[in-house]
Amino acid sequence: MVRTLRYYSRAGMLLALLAPAALAQIQLFLFEQGQERPAGSQVDAGQVAPGDSRTLRFRVRNSGSAAVTIQVITLAGAGFRLGNRPSLPYVLAPTNFVEFEAVFQPTAPGNYSATAAVNGMSLLLRGSSAPAALVMADRDGRLVTLSTSDLLDFGRVQRGTSAVRAIVLSNAHTAALAVSNLRVEGAAYRLAGSPNLPLTLAPGESRRFEIVFEPRLSGSFAGKLAVDERQFPLSGAAIDPPLPALTLQLDNPAPASGQQRRASVRLASPSPVEAAGNLRIEFRSDIAGVADDPAVRFAATGSRSASFTIREGDTQARFGADWDVAIQTGTTAGKLLMTLELGPANLHQPPDLVIAIPRAAAAIETASFTRRLSDLDVTLNGFDNTYEAGLMAFTFYDSAGRAVEPGVIRVDARPEFETFYRSARTGSAFFLRASFPVIGDASGIVGVEVEMTNAAGSTRTARIPLR
Amino acid sequence: MRTVLWLCMILIAVAGLLPGQLAEPVAGWTRDASGNLRPLLGAPGGFLLGEPFAGAAEHFAVSSYLALWKAGNKLTAVCRTSGVSASLEVPGLLFFAPPGKEALVFAAAAGFEAEADGGRPHSGRLLVFRRGQFEYGGEVNLPGAVAAVGGTPEQPQWLVKEGGSLVWLERDGDHWRTRRRLENAQAPAFLSTEAIAYRRGTELIAERGEGLSRVEHRLAVDPEELAPMEDGWIWIRSGRRFFALRLRDFELFELPREEGRW
């Protein structure tokens, strides 16, 4: 059966008004597979199954030296229609081109023809359609007929899982149909339950099979279902499975100042994905007038941020080559706020772990007792995380272990400590040298004990021997 | 009666501290990633890196009294209280005993013995830093390659290699007296009057005390270099990371790096 349509239109009337020189300037080309070729007077759209479509891209080129106005682009004929095209009128500059599409989409078997016209030029388009199996896909519980221009989308699935779409081949014609080629292309796709080939479908007969989308990697996957010469595009995306719940842990849930604690990040189950993140610490001082303690930081990075990675199968995050990371607790009472960041830094994210560093009695790390000509010197290295240091008591001892009169010598150095702490850069850590001028023979004094007191308690050294 | 006498002797019980008697503490020294010596400020668990004190130093040893380091062929010693310093050109390998008020240094003789034993020599000379200057302390010929030097200038002690172990030696007249054999011990090693530390496999073994009171502790840190960083502390390099071991309780602290290094 040949279907033709005579073409009379207002546009055709306009063509007659155009100057012949302008008509000579434009040429029609067919653009296929990245190449242009002159369209000539007739173009064959080939054989397309009923319901499928084929798009022909045409280029209208201006080969003259003056601009040409495209007034008319028409397509008349059954089974053909115009696709993308420019808005008209369209001024085509010299040497430039403009494209339009002719879509051949037969609805039933047969032969088809149509006439395409651009300004005064025209060409004949031909195509045919042979009986072919209907390809239907299950969509939301009902079968939808697919054309080769329809995308069969499998949506987003987790990597390592699968999505299945049922496909039905059906013969809606009155004669038997043979299918000799049925396959899927694309690494993430496979057929399940496909019929043996060649397949003969009697009139009204249907055969069902499935396409399985099972990506092993994350990303987008394109594929094709080929039914004889027809190809139906497939599409799907795979996303990484979610990271198991992370738990932040400290090796000691009740740390104190002057310690180094190790933080680790545990996963609720072996990780199915690779991931990277950041552990951030923040310090909030409990001490009025002390905004921060610069010593609170990760040792490994020297900062308040430590990056970690998680590999597939890991049950713990890795900090560099280690399973944990050392945090200095500093020398100031306050709170350590620890936050796990798996995406971009978010300073408003609530902390995953808040650890209190309680106020404590002063800590004396080292002490020495020496004698100069007329002085007894006591040195102390320590810290007071309450910043209230200054109340001290010194007791000197003779070689018999007796306290030397006047016994306990009390010193209130709180003003000096306050002044010192105002400019100190090392938290509450201090080095103190207390000198006791002596007249006479002090050789019998061989030891001293020092007590420091703050609101949280007292710390007393062991007997410090004279060096 | 005697206690009444002391009352007269301590004339001024400090009513307050004088200016300058409170300062930011220097907890020890360390080398940074660039090899520069830096003071460690603050307290353990609150260490901060101070500004570089000296240029790149291959070896160093610090006590509350002295700091010694070697940069190139130059050996430098500084008295930390007075600031008095001295320098000496000493080529070759140096071993520092943990210093006290005085410092003992073993300068290895360059020669085939050193080369044949991976740079750990059998012979060399002793140098002593006391009263602000270096003194010659005599020549030493050891029965094994040196792993560490310890003791005092008057009574030096040695850890030397013997087979797959270290032997702790001291001089007894014309002979070497073995104090103990440390089985499967390897360099690097550390020997002070209060502690010994050495590598065994990929662990650091630290010991404190002697005889029945000896306490041994194993630490999962793969030591490549050990140094006395302050009284009662050992500085440890493991790969590109630095640690400080407090000997009184064997607590290990990772030393902070300069910000931004990982």
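In what follows, chains are A, B, ... by sequence order, proteins preceding strands, each numbered from 1.
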Taking the side chain from [X] and the backbone from [Y], do they hold a donor-acceptor pair closer than 3.5 Å?
X: R80(B); Y: V62(B); result: no
X: E224(B); Y: G239(B); result: yes
X: R297(A); Y: G302(A); result: yes
X: D292(A); Y: P294(A); result: no
X: N252(A); Y: A254(A); result: yes

Measuring heavy-atom distances to chain B, does [X] have an atom under 4.5 Å in its side chain, in its backbone, in both, or in neither?
X: T331(A); value: side chain
X: E365(A); value: both
X: F383(A); value: side chain
X: R414(A); value: neither
X: S423(A); value: backbone

- Task: Give, as side chain, backbone, both or neither, the part of L252(B) having an atom under 4.5 angstrom from any heavy atom of chain A.
- Result: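 Only the backbone of L252(B) comes within 4.5 Å of chain A.
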- Message: Does the plane of the ring in F436(A) sit parallel, tilted or perpendicular to the ring in F396(A)? Use 30° and 60° as the thresholds.
- Response: perpendicular
- Query: Do you know which of V296(A), D293(A), T366(A), D322(A) has the most heavy-atom pairs with chain B at a distance under 4.5 angstrom?
  - Reply: D322(A)
- Item | Any side-chain heavy-atom pair of D412(A) and R410(A) under 4.5 Å | no
- Task: Among the options P44(B), S64(B), A27(B), pick out the one with the most heavy-atom pairs lying under 4.5 Å from chain A.
- Result: P44(B)
- Determine the option with the most heavy-atom pairs under 4.5 angstrom with chain A, choosing from K101(B), E251(B), E230(B), R246(B). R246(B)
